[in-house]
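Data first, discussion second: the structure below is written as structure tokens.
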Amino acid sequence: MGIKERRQRQFEQREQRFLEAARELIREDGLLKLQMSRIAERAEYAVGTLYLHFASKEDLLLALTIEQAKEHVELFLRVARWDASPRERMFAIGVADMLFVRRNPNHFRIGQYVFTEVVWGAASPERRAELLEANDPISAVVTGFINEAVGNGELELRGLSPEQMSVGLWALTIGTHNLVHAEGVMADLEVANPYRLYCRHLQTLLNGYGWKPLADVADESALDALIERISREVFPELCGDCRR
């Protein structure tokens, strides 16, 4: 290994240490108390060294989101490889997203924060582009299911593009996550299992698009059976999380 390669590896290892230090501090003290000086101290480097990696705290938060996006994408790609109808795979995308947020609650909170105007606007164009690129495979998987269903005669776009249709699914998902993570909101609404309610709403939305085969949204046993099938065939190691 040459000097250039060794220095690059050391740079990457140091960057990972900074990101891990930031994750530790977020777990301990919460997102809003995160400070660059404390990250550098936890990683045992000078603050100046930290700024060689991240131009700002906003850039560091985007970097954390980019890292976690890799796991998010992998769950979606597993659904894409599943041997099932386009509608079943679209429903499974909702289950995958539900699982990801349950396993990575801090990622969702950071993700909420980085897309606020105050953070997104302060981040560098390079980091913003990197984050959007990291999430491109997710969009490609979702629109791929929509296009496949249209090609099979199972769905009509009714004047929407596949990307526009996917916004409705995205809005339902993000809205559910927001409510779940707003402490006490779902309890006040007397919703005991918000993600199961989300699954029912997802089936209702797909029915509203006319996506065949239509589901009987009142059939609780059919919903349970579909979630169980997805758990068993796509995410067997995460079955317990699927059922919660």
(request) Quick one: pull up CG in Asn104 and CG in Leu99 and give me the separation to the nearest 0.5 Å. (result) 10.5 Å
(request) Could you walk me through whether Glu20 and Gln16 pass side chain to side chain donor-acceptor pair (under 3.5 Å), step by step? (result) CA-CA 6 Å; Glu20 181 55 37; Gln16 286 300 312; over 6 Å; no
(message) So does Val79 get a backbone contact from the side chain of Arg89, meaning a donor-acceptor N/O pair under 3.5 Å?
(response) no
(request) Could you list all the salt bridge (charged side-chain N to carboxylate O under 4.0 Å, His left out) pairs where at least one residue sits in residues 106-128, not counting sequence neighbours? (result) Arg127-Glu130
(request) Consider only side-chain heavy atoms of I, L, V, M, F, W and Y, link residues closer than 4.5 Å, and tell whether Leu25 and Tyr113 are in one cluster. (result) yes
(message) Is any side-chain heavy atom of Leu169 closer than 4.5 Å to one of Leu206?
(response) yes
(request) Check Phe235 against Ala96 and note the closest heavy-atom contact, atom names and distance. (result) CZ-CB, 3.6 Å
(request) First locate atom CG of Leu226, then atom CD of Gln203, and finally report the distance between them rounded to the nearest 0.5 Å. (result) 6.0 Å
(message) I'd like to know if the side chain of Ser139 and the backbone of Asp136 have a donor-acceptor N/O pair within less than 3.5 Å.
(response) no
(message) Test side chain to side chain contact (heavy atoms under 4.5 Å, CB included) on Glu58 and Val118; report intermediate values, then the result.
(response) CA-CA 9 Å; Glu58 290 79 11; Val118 65; 5.9 Å; no
(request) Carefully, step by step, assess Ile110 and Gln68 under the rule side chain to side chain contact (heavy atoms under 4.5 Å, CB included). (result) CA-CA 10 Å; Ile110 296 170; Gln68 205 70 66; over 6 Å; no
(request) Determine, using the 4.5 Å side-chain heavy-atom cutoff (strictly less than), whether Leu131 and Ile174 are members of one ILVMFWY cluster. (result) no
(request) Identify the heavy atoms of Asn147 and Pro162 that sit nearest to each other, and give their distance. (result) OD1-CG, 3.2 Å
(message) Taking the basic N atoms (NZ, or NE/NH1/NH2) and the acidic carboxylate oxygens, is any pair closer than 4.0 Å for Glu220 and Arg200?
(response) yes
(request) Could you walk me through whether Phe54 and Glu15 pass side chain to side chain contact (heavy atoms under 4.5 Å, CB included), step by step? (result) CA-CA 9 Å; Phe54 308 103; Glu15 187 158 296; 3.5 Å; yes
(request) Measure the CG-OG1 distance between Leu197 and Thr204 for me, rounded to the nearest 0.5 Å. (result) 9.0 Å
(request) Kindly indicate whether the side chain of Leu157, heavy atoms from C-beta on, has any atom under 4.5 Å from the side chain of Ile146. (result) yes
(message) Same cluster or not: Met165 versus Leu214, using hydrophobic residues (I, L, V, M, F, W, Y) connected whenever any side-chain heavy atoms lie under 4.5 Å apart?
(response) no
(request) Let me see the working for Ile138 and Trp170 under side chain to side chain contact (heavy atoms under 4.5 Å, CB included), right down to the final yes or no. (result) CA-CA 11 Å; Ile138 292 176; Trp170 186 24; over 6 Å; no
(request) Can you see which heavy atom on Pro137 is nearest to which on Val73, and at what distance? (result) CB-CG1, 3.7 Å
(request) Side-chain contact test, heavy atoms from C-beta onward, threshold under 4.5 Å: evaluate it for Arg81 versus Leu77 and give yes or no. (result) yes
(message) Please say yes or no: joined through hydrophobic side-chain contacts below 4.5 Å, possibly via intermediate residues, are Leu179 and Phe115 part of one cluster?
(response) no
Taking distance alone, no hydrogens or angles, what donor-acceptor pairs closer than 3.5 Å link side-chain atoms of residues 43-52 to residues at least two apart or in another chain?
none

(request) Measure the shortest side-chain to side-chain distance between Val95 and Val234 over non-hydrogen atoms and say whether it is less than 4.5 angstrom. (result) no
(request) Hey, could you give me the CZ/CD distance between Arg38 and Glu28, rounded to the nearest 0.5 Å? (result) 7.5 Å
(request) Check for a donor-acceptor pair, side chain of Thr65 on one end and backbone N or O of Leu61 on the other, with a separation under 3.5 Å. (result) yes
(request) Please tell me if the side chains of Leu19 and His53 come closer than 4.5 Å, counting only heavy atoms from C-beta onward. (result) no
(message) To the nearest 0.5 Å, what is the distance between CE on Met98 and OH on Tyr195?
(response) 8.0 Å
(message) I want to check something: taking the side chain as every heavy atom from C-beta on, are Trp82 and Arg229 in contact at a cut-off of under 4.5 Å?
(response) yes
(message) As an exercise, state the distance from OH of Tyr198 to OG1 of Thr173, rounded to the nearest 0.5 Å.
(response) 3.0 Å
(message) Main chain of Lys212, side chain of Arg87: is a donor-acceptor contact present, judged purely on distance under 3.5 Å?
(response) no
(request) Answer whether the closest heavy-atom distance between the side chains of Asp97 and Phe76 falls below 4.5 Å. (result) yes
(message) Looking at every non-hydrogen atom in both residues, tell me the closest pair between Leu62 and Ala123 and how far apart they are.
(response) CD2-CB, 3.7 Å
(message) So which atom in Glu163 and which in Ser166 form the shortest heavy-atom distance, rounded to 0.1 Å?
(response) O-OG, 2.6 Å
(request) Specify the closest pair of heavy atoms between Ala134 and Ile66, including all atoms of both residues, with the distance to one decimal. (result) CB-CG2, 4.2 Å
(request) Kindly indicate whether the side chain of Arg17, heavy atoms from C-beta on, has any atom under 4.5 Å from the side chain of Arg42. (result) yes
(message) For residues Val141 and Leu160: do they belong to one hydrophobic cluster (side chain heavy atoms under 4.5 Å, members Ile, Leu, Val, Met, Phe, Trp, Tyr)?
(response) yes
